[in-house]
Amino acid sequence: MVSSVVGSWANQGCPCYTTEELLAWIQERNQTLTVHVTPNRLSESTFWFYDKSTGQIVNQNHSFFQISGIRAEDEQGLEQPVILQDEIGFLGILCHEINGTLHFLMQAKIEPGNVNKIQISPTLQATKSNFTQKHGGGRPPYLDYFLHAERYRILVDQIQSEQSSRFYKKRNRNVIVYVEDEVPALPSHRWMTLGQIKRLMRCDNLVNMDTRTVLSCIPFALMEDTEERLRRYFQNQALYRSIFCPEGYTDIQRIFHGINNCKMFCKPAPRLVRLDELSGWEMDDFGIRCRKPYSFSAIYCDIEVEGREVRKWTQPLFKAEGIAVLGLYTTITDGKQKFLTRIRPEIGCFDGVELGPAVQREAVCLREENEIDRAFMAQYARRERVLYDVLLSEEGGRFYHEENRNIILETDYFEPPAGYFWADYRTLNLLAQFNNCLNIQLRNLLSLLEV
């Protein structure tokens, strides 16, 4: 199977559709489908309201999600609204071999917060409320493949975190299922090679966050095949060696040691508080805003979207203020490509900390930048050794027009400061096979890599 997956990664010319045909398909669907998102007053919603007994924004069914306050118990005392969504949803992709090449069934999906309407999404992208039809909508297509994945070949089945600066302990189930029998593609779906999807990731805001996180979990490090058959797919031989040439477990042991130290000795966990206890925030009928510059606010919206199980509804959305920067340094040492990562605490993180990218910089910086941040941004400003530079959207079901600039810069090797680790792709890929080790920002950056 590994040669099939790597072969698909290397294949950007698809027997089913060319990349140009896929772009034309997206453009056509954007022209024929409509989405309207209109800011509104909370008091005008018949479904959402502020529950004075709990101090949370909730809905009449107490389903989907709620908005609460959260406060960090440290010297900075960071406090903010946070999304509570206890249920675990499906992010699922079907794959199937077509004319000798592995293809992935991708969906053209509209989310209300998307900056550009349609983005390329997993085969299935559904919360538990969606697929149990709590909202009264239709049953999502292809759901049974994932509910009964044991009938097929499971390539990925991982529960992974989402944005821990916005969600409280939120996780989704990332699944890839290989199906031998032919699977018909609905008009909203197309078969693509892995190489095509990665090429489309170079287009701003085209491949959504959920697709990127699922693909980042493909367990290349656990797959076996002959060296000759795999090596021929790679133009980047340093990346090939980074994936398939193990050097023992020194890197992974050091990373686990650093993460576990943070978990053991870090400050007390943040605690949930009422929204009306957030002293630095103000709440009214139009939303929730910080009294000083902050990276997001909350707004209430009326939403109408074609092509969804439910076409009209109201909900809160977190609205981004500015564009964040997510950055990875990469270097080649001993013939292998390595990536600079950093242990990152976040206020809503399921287990306190996860391994993240070297740079994770909100548009509104709440912490002082360090030498790595400053050096990275200075090199990027000079446009030196830039390997990847693309604007990509965050989850459009809860966030309104939130984009991150995803950057990978090449650099010479240097000894990293405390809390930073150089790691090859194999190490990071192995860590991705465990729940809650790599944060979503790092997983998304790694998903950009091309052979």
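Model, not experiment: these values are computed from the prediction.
- Here the closest non-hydrogen pair linking P122 and G92 is CB-O, 3.4 Å.
- P81 and L275 make their closest contact through CB-CD2, 4.1 Å (heavy atoms, listed as atom of the first residue, atom of the second, distance).
- For the pair R190 and Y17, the cation-pi criterion (under 6.0 Å, within 45° of the ring axis) is fulfilled.
- Side-chain atoms of D210 and Q125 form a donor-acceptor pair, as typed in the model, at a separation below 3.5 Å.
- Classification of the W9-Y425 ring pair by plane angle, with boundaries at 30° and 60°, yields tilted.
- A distance of 6.0 Å separates CG in L428 from OG1 in T341, rounded to the nearest 0.5 Å.
- Atom OG1 in T46 sits 10.5 Å away from atom CG in N59 (nearest 0.5 Å).
- Of all heavy-atom pairs between A126 and P140, the closest is CB-CG, 4.3 Å.
- Interatomic distance, D144 CG to R139 CZ, rounded to the nearest 0.5 Å: 4.5 Å.
- Taken to the nearest 0.5 Å, the CG atom of N205 stands 5.0 Å off from the CG atom of N116.
- Paired with T213 under the rule side chain to side chain donor-acceptor pair (under 3.5 Å), one option of Q441, R443, Q158 passes, and it is R443.
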Item to check | ring pair (Phe, Tyr, Trp, His ring centres under 6.0 Å) between F49 and Y300, intermediate numbers included | outcome: CA-CA 10 Å; F49 65 98; Y300 311 118; over 10 Å; no
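- Under the 4.0 Å criterion applied to side-chain N and carboxylate O atoms, K336 and D424 are assigned as salt-bridge partners.
- Across all their heavy atoms, T123 and Q107 have their closest contact at O-NE2, 3.2 Å.
- Aromatic ring centres of Y145 and Y152 lie closer together than 6.0 Å.
- In this structure, R171 forms a cation-pi arrangement with F350, its terminal cationic atom sitting closer than 6.0 Å to the ring centre and no more than 45° off the ring axis.
- Of all the heavy atoms in S161 and N439, the pair that sits closest is OG-CA, 4.2 Å.
- Distance alone, capped at 3.5 Å, places no donor-acceptor pair between the N11 side chain and the G195 backbone.
- There is a side-chain donor-acceptor pair under 3.5 Å between T314 and S45.
- For the 3.5 Å distance criterion, the side chains of Q360 and E346 qualify, holding a donor opposite an acceptor.
- Of all the heavy atoms in Y329 and A358, the pair that sits closest is N-CB, 4.4 Å.
- Looking only at atom types and distance, the side chain of Q337 has a donor-acceptor partner in the side chain of T330 under 3.5 Å away.
- Side chain to side chain, Q235 and E450 fail the donor-acceptor criterion of an N or O pair below 3.5 Å.
- Distance check, rounded to the nearest 0.5 Å: CD1 of I372 to CZ of R361 gives 14.5 Å.
- For the atom pair CZ of R29 and NZ of K109, the computed distance is 11.5 Å after rounding to the nearest 0.5 Å.
- A donor atom on one side chain and an acceptor atom on the other are found under 3.5 Å apart for Q119 and S393.
- Aromatic pair W313/F64: centroids not less than 6.0 angstrom apart.
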Next on the checklist: Does L355 form a side-chain contact (heavy atoms from CB on, under 4.5 Å) with I343? I'd like the steps, not just the answer.
Outcome noted: CA-CA 4 Å; L355 195 66; I343 296 173; 4.2 Å; yes
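- Note: H96 and F104 fail the aromatic proximity criterion, with ring centroids not under 6.0 Å apart.
- Ion pair R166/E402 flagged as a salt bridge, since at least one NZ, NE, NH1 or NH2 atom sits closer than 4.0 Å to an Asp/Glu carboxylate oxygen.
- The number of heavy atoms from other shown groups lying within 6.0 Å of CD (E150) is above 12.
- With ring centers used as reference points, F65 lies 6.0 Å or more from Y168.
- If you check the side chains of N208 and T211, you find a donor sitting under 3.5 Å from an acceptor.
- Taking the ring centroids of F244 and Y240, they lie under the 6.0 Å cut-off.
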Item to check | Worked verdict on R405 versus L392 for side-chain contact (heavy atoms from CB on, under 4.5 Å) | outcome: CA-CA 6 Å; R405 183 162 291 283; L392 294 170; over 6 Å; no
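- Q160 and N436 share no side-chain donor-acceptor pair at under 3.5 Å.
- Heavy atoms from other residues, nucleotides or ligands lying under 6.0 Å from CZ of F47 number more than 12.
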